[in-house]
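In what follows, chains are A, B, ... by sequence order, proteins preceding strands, each numbered from 1.
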There are 2 protein chains.
Amino acid sequence: MLKNRNCIIRLSRYKNALYRLNALGFVRVFSDNLADAAGVTASAVRKDFSLFGISGNKKAGYQIEELLEKLNSILGKDKVQKVIVAGCGNLASALIKYKGFEKEGIKIVAGFDIDPAKHNRSNNVPVLPLEELKGFVRNQGIKIGIIAVPEAAAGQVAETMFKNGIKGIVNFAPIRLKAPEDCVVNYVNLEHELENLVYFVNALSKTKKKI
Amino acid sequence: MLKNRNCIIRLSRYKNALYRLNALGFVRVFSDNLADAAGVTASAVRKDFSLFGISGNKKAGYQIEELLEKLNSILGKDKVQKVIVAGCGNLASALIKYKGFEKEGIKIVAGFDIDPAKHNRSNNVPVLPLEELKGFVRNQGIKIGIIAVPEAAAGQVAETMFKNGIKGIVNFAPIRLKAPEDCVVNYVNLEHELENLVYFVNALSKTKKKI
DNA sequence: GAGGTTTTGCGATTTTTTTCACAAAAAACT
DNA sequence: AGTTTTTTGTGAAAAAAATCGCAAAACCTC
């Protein structure tokens, strides 16, 4: 019952849109509205829902609250997700300070770095020596990690994470990681994101105008 | 001659791998090696290349330097890409400080924010009032922008960007943007990235073990 | 330089994802 | 109560992307 990556990302988008509609006082929503909000077609919305056995009411759409509950359950938002970050440079610090995770039930519980100057046990989110990652992850049963260390260190750090129980990594380092079969890595690469954009901007500007 | 998004991202990955191999002193490379480095299959590598008319030598693979030149040209790396950032919170500051863009020919030339406390004209990368975005983008002919403002402001900022000549946006705000036909938006949403990970980690842990 | 081996290039096939299209259900109206 | 309208749910069709498979070219060895 493994669904495709895009489908899950779309569910997250629908969820976002639903929160917004909910805040505006709406009670019901149509596939059409969600489609607009998520930038897809209405039938894609319905197909996604049907894939997860979510159903609405003909002519009356979906109950927002009910739908939100179902999406949240699918996306594992019934409990707070504890996450650690390896590497406490600018990016990681920004992530640690970022308030947006909290309302999504995501809690960064610790950062790890080799640089002693960055260590700080009394912080709200403590920054600990990298050697403590192992024990911390094990003791707290952390399943999700973020890698924001330099390229050269990423492989090593990932290995340590996986060895000690981490099952999923968001990797900001520009290098492919070896992951055990039952683990997942999602890559985020801002350079590539920008490169991609540059390519499509150039490609579009070369496209002849339609009549 | 528009190619699919994944294909372009893969080209970026190949490029990265090639730089690494080059630094290690390699001169030639096989589709096989690139496949390993990029986490895809060898025939996917060759297919991607053939899509762009890149060819190598049977039995001798590809010349790394030549290949790099071709990829760089496809990805528009023949000239420095000037980029602006709207919103100068934690994330944007991290991006501005990030050294990795430079070696990729990406230069963040200015930040923009409404908060006067953040303004600073004498910085290496100046932070200017949001009202100046319009003129700056026009005068400098900037084509690429990053949106790192809160959700509520994102739509407005995007509109200003597009109106003044920006053709591509990387949007960190968790909301869909309306873009003119000849413009592109790439979305980066860290919450969704983590949610996605949580889903797949859960899904995999539920998968029965194979015999 | 003949024979064996390796690796590319790309058409063909398969798989995955998206879109279409329409019957059926529910609400609204008359 | 019957008719019209709107919207879902989902098979079927189409489109897009990934993978396969193999002939042909280039290199290597003897």
| B:Asp32 CG - C:dT5 P separation (whole Å) | 18 Å
| query | Closest approach of B:Leu128 and B:Ala110, non-hydrogen atoms and distance? | reply | CD1-CB, 4.5 Å
| Below 4.0 angstrom, N of the basic side chain to O of the carboxylate: do A:Glu193 and B:Arg5 qualify? | yes
| request: Check whether any side-chain heavy atom of B:Phe112 sits under 4.5 Å from a side-chain heavy atom of B:Lys134, and report yes or no. | output: no
| field | Reading 5' to 3' through nucleotides 10-19 of chain D, protein heavy-atom contacts under 4.0 Å coded B for base, S for sugar-phosphate only, - for none | value | BBB----SSB
| note | Between B:Ala60 and B:Phe30 the two heavy atoms that sit nearest each other are C-CE2, 3.6 Å
| task | Check whether any side-chain heavy atom of B:Glu104 sits under 4.5 Å from a side-chain heavy atom of B:Asn16, and report yes or no. | result | yes
| note | With sugar-phosphate taken as primed atoms, P, OP1 and OP2 and all else as base, the protein-contact string of nucleotides 25-30 of chain C at under 4.0 Å (heavy atoms; B, S, -) is BBB---
| said: Is the shortest side-chain heavy-atom distance between B:Ile54 and B:Tyr14 below 4.5 Å? | reply: no
| query | In whole angstrom, what separates A:Gln63's CD from D:dT8's P? | reply | 13 Å
| What integer distance in Å separates A:Phe30:CZ from D:dT5:P? | 17 Å
| task | Ignoring backbone atoms, establish whether B:Tyr62 has a side-chain N or O less than 4.0 Å from OP1 or OP2 of D:dA26. | result | no
| query | At their closest point, which heavy atom of B:Val201 faces which heavy atom of A:Ile144, and how far apart are they? | reply | CG2-CD1, 4.0 Å
| query | Between A:Ile8 (CD1) and C:dT17 (P), how many Å, whole number? | reply | 11 Å
| said: Quick test of your reading: applying ring pair (Phe, Tyr, Trp, His ring centres under 6.0 Å), list the pairs with at least one residue in residues 71-100 of chain B, sequence neighbours left out, ordered by first then second residue. | reply: B:Tyr98-B:Phe101
